[in-house]
Amino acid sequence: MAKNNSKSAKAKSAVKSTLQFNTSWSYAPAPESADHVKLQSSYDLFIDGKFTAPAKGKYFDTLNPATEKKLASVAEATTEDVDLAVQSARRAYDKVWSKMPAKERGKYIFRIARILQERAREFSVLESMDGGKPIRESRTIDIPLAAAHFFYYAGWADKLEYAVAGNRPVRALGVAGQIIPWNFPLLMAAWKIAPALAAGNTVVLKPAETTPLTALKLAEIFQQADLPPGVVNIVTGAGATGAAIVQHPGIDKIAFTGSTDIGKGIQKALVGRDTKLTLELGGKSANIIFEDAALDQAVEGIINGIYFNQGHVCCAGSRLFVQESVAGMLIRKLQDRMQTLIVGDPLDKNTDIGAINSRPQLEKIEEYLKIGVKEGAELFQTKCEIPKKGFWVRPTLFTNVAQSHRISQEEIFGPVLTMQTFRTVEEVVEKANNTPYGLAAGVWTDKGSKVFSVSSQLRAGVVWANTYNKFDPTAPFGGYKESGKGREGGLHGLLPYLEVA
Ligand code: NAP
Ligand code: MG
């Protein structure tokens, strides 16, 4: 009897300890800690392989948008600094990088990829602190994908003769000026630097003003990998620093990712010059749900399409189109799922939606919420708690939206979804294409034939079928119309850094 009792007590305690394990780890994981990152109080420019003070001695602050606290001071590069960076990139191109056997160039890029993989945790925490994105995303998407881009393009470095039809010989362009936004800071740096280096170019890169820290940390990896000085230079600053790169006569190619307005300005600034240009700009992408789609799966795709990275995603599925016969059911399912989303501390592994990147971006989103209501759309926001400090927007859905509404035409770049209904394929294709943008789209249906016929009619650079926001270094990405020109990723992303010799 006593034996039995002790057996059952043992069994009970085993169950208890399993439960305790579950509670303390799976259900309430501790937030990632800022201790994983060694932050300096101030950061200099990375020019000619060294961290260098800015010529005018000016610094700006970068904040943590979840706390509104300053993380560090960052050097502001003026035209003098940009000039030094371009000169260094030119020297490195002429004397080292263009002379080096392609196989050796590839080894450096592989080394960068491997070190980034090893230091992934530190980069993920810093990315979430500087930009506000949930650690789950920076840990599983941003940083691994950035490393994957370096791995992928490293493989191209000694195979460039296979890049162009007819195996014609190719050569690099020279010095590439690269300007990136704040929504995927390290990933955008990788999208730009990796193909440029693989093709044999050298680089001057400018990160966004609100998220410069992971690009500067990447410079530490360049030092660690012994990348020859000047092959990549990183100049931090605001719009004027970007403009100085664009205007510099020593730049052979500009690669810009950012807003359509600035992209158009850059295009104008380069008229009459021999500088090559690729632009990755804004979007207002349609996510189309047909009545034969697996609706629960589609709901997950809608959530991922718009709430991933707080909706700060150029290809966000921000315009939802639902076939009328299932619209009522889909709205209920979607709203129920939205209520489960947790908004808050980006370093908490349970967080689904982190902080809005900056106060101006928060104000822009809030303005669009007012515009939507004024235009007559119906606003639904979840009731989740949000922290008192920091920049936050609850997941938002507008129904009763008309095609002419500004909220369904203009890029909001936040966790705000507009929903419209449709009856026929013709109607939804026409509505989906009726936008100045053409970056991405999603199609949800049980029928493969419908996937092919609808996606071939959509004027969008990327069309996902029964999924959304899936990225791979081997796949080209880019837009039509006001979403830009040129492609990044895959072989297509290598070509803008090469010319036929
Ligand atoms: P942005 O204001 O256009 O800024 C992009 C970059 O350009 C930043 O580094 C910015 O510096 C710099 N810049 C500002 N003015 C400049 C000028 N006159 N000349 C040269 N550079 C200048 O865009 P954002 O607000 O950072 O990013 C959001 C936009 O990027 C959205 O429209 C989004 O759709 C687009 N985006 C597109 C893709 C794509 O692949 N198609 C990917 C991601 C984002 P500051 O940071 O100091 O302003
Ligand atoms: Mg910041």
Side-chain angles (χ1 to χ4, degrees), residues 39 60-72 74 76-77 82 126-133 177-185 187-189 191-192 205-216 234-248 251 254-270 278-285 309 311-316 318 346 355-361 364 390-391 410-414 437-440 460-462 471 476-489 493:
L39 266 181
F60 61 93
D61 292 347
T62 185
L63 306 181
N64 178 339
T67 60
E68 300 178 51
K69 285 198 184 127
K70 174 181 165 178
L71 288 171
V74 179
E76 189 172 322
V82 168
L126 186 59
E127 196 74 309
S128 286
M129 285 169 70
D130 202 15
K133 64 176 64 206
Q178 307 184 321
I179 301 165
I180 56 171
W182 42 259
N183 55 345
F184 293 93
L187 186 57
M188 289 300 108
W191 277 29
K192 299 246 175 315
L205 175 117
K206 188 196 101 64
E209 197 180 349
T210 57
T211 54
L213 297 182
T214 46
L216 291 166
I234 295 179
V235 286
T236 43
T241 308
I245 297 176
V246 172
Q247 280 149 16
H248 199 291
I251 294 277
I254 290 287
F256 172 81
T257 298
S259 58
T260 296
D261 279 352
I262 306 277
K264 283 180 181 172
I266 290 177
Q267 208 163 7
K268 280 190 201 139
L270 293 181
T278 41
L279 297 170
E280 298 281 359
L281 308 176
K284 191 76 182 173
S285 300
N309 199 31
H312 301 328
V313 181
C314 49
C315 54
S318 50
I356 298 302
N357 184 267
S358 64
R359 185 176 291 284
Q361 187 59 25
K364 178 181 162 191
F391 312 133
E410 297 172 16
E411 187 183 43
I412 300 173
F413 223 55
Y437 296 111
L439 193 53
V462 180
F471 307 98
F477 182 91
Y480 294 107
K481 301 192 278 185
E482 295 202 358
S483 289
K485 61 181 214 163
R487 295 289 179 268
E488 291 188 316

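Note that the numbering runs from 1 along the sequence shown for the chain. Counting starts at 1 for both ligands and their atoms, following the listed order.
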Opening angle at the Mg ion (ligand 2) [O, D130; O, T210; to 10 degrees]: 100°
For [Y], is there any backbone N or O sitting under 3.5 Å from a side-chain donor or acceptor partner on [X]?
{"X": "K284", "Y": "E410", "value": "yes"}
{"X": "R487", "Y": "G479", "value": "yes"}
{"X": "T62", "Y": "T210", "value": "yes"}

Heavy-atom protein contact below 4.0 Å for atom 4 (O) of ligand 1: no
Within [X], is some N, O or S atom less than 2.8 Å away from the Mg ion (ligand 2)?
{"X": "T211", "result": "no"}
{"X": "N357", "result": "no"}
{"X": "L63", "result": "yes"}

Winner among A243, C314, G263 once heavy atoms are compared against atom 19 (N) of ligand 1: A243
Shortest reach to atom 26 (O) of ligand 1 by a heavy atom, considering only F256, W182, F60: W182
F184 and W191 aromatic centres sub-6.0 Å: no
Check whether any heavy atom of [X] sits under 4.0 Å from an atom of ligand 1.
{"X": "F184", "value": "no"}
{"X": "P207", "value": "yes"}
{"X": "C315", "value": "no"}

Against heavy atoms of [X], which atoms of ligand 1 measure under 4.0 Å?
{"X": "P181", "value": "26 (O), 27 (O), 43 (C), 44 (C)"}
{"X": "G237", "value": "47 (O)"}
{"X": "N183", "value": "43 (C), 44 (C)"}
{"X": "L439", "value": "41 (N)"}
{"X": "G242", "value": "19 (N), 20 (C), 21 (N)"}

Geometric N/O contact S259 with ligand 1, under 3.5 angstrom: yes
Polar proximity ligand 1 side, K206 side, N/O cut 3.5 Å exclusive: yes
Shortest non-hydrogen contact between E68 and L63, atoms and distance: O-CD2, 4.2 Å
For [atom], find the nearest protein heavy atom and state the residue, atom name and distance (0.1 Å precision).
{"atom": "atom 41 (N) of ligand 1", "result": "L281 O, 2.7 Å"}
{"atom": "atom 28 (C) of ligand 1", "result": "F413 CE2, 3.5 Å"}
{"atom": "atom 32 (O) of ligand 1", "result": "E411 OE1, 2.7 Å"}

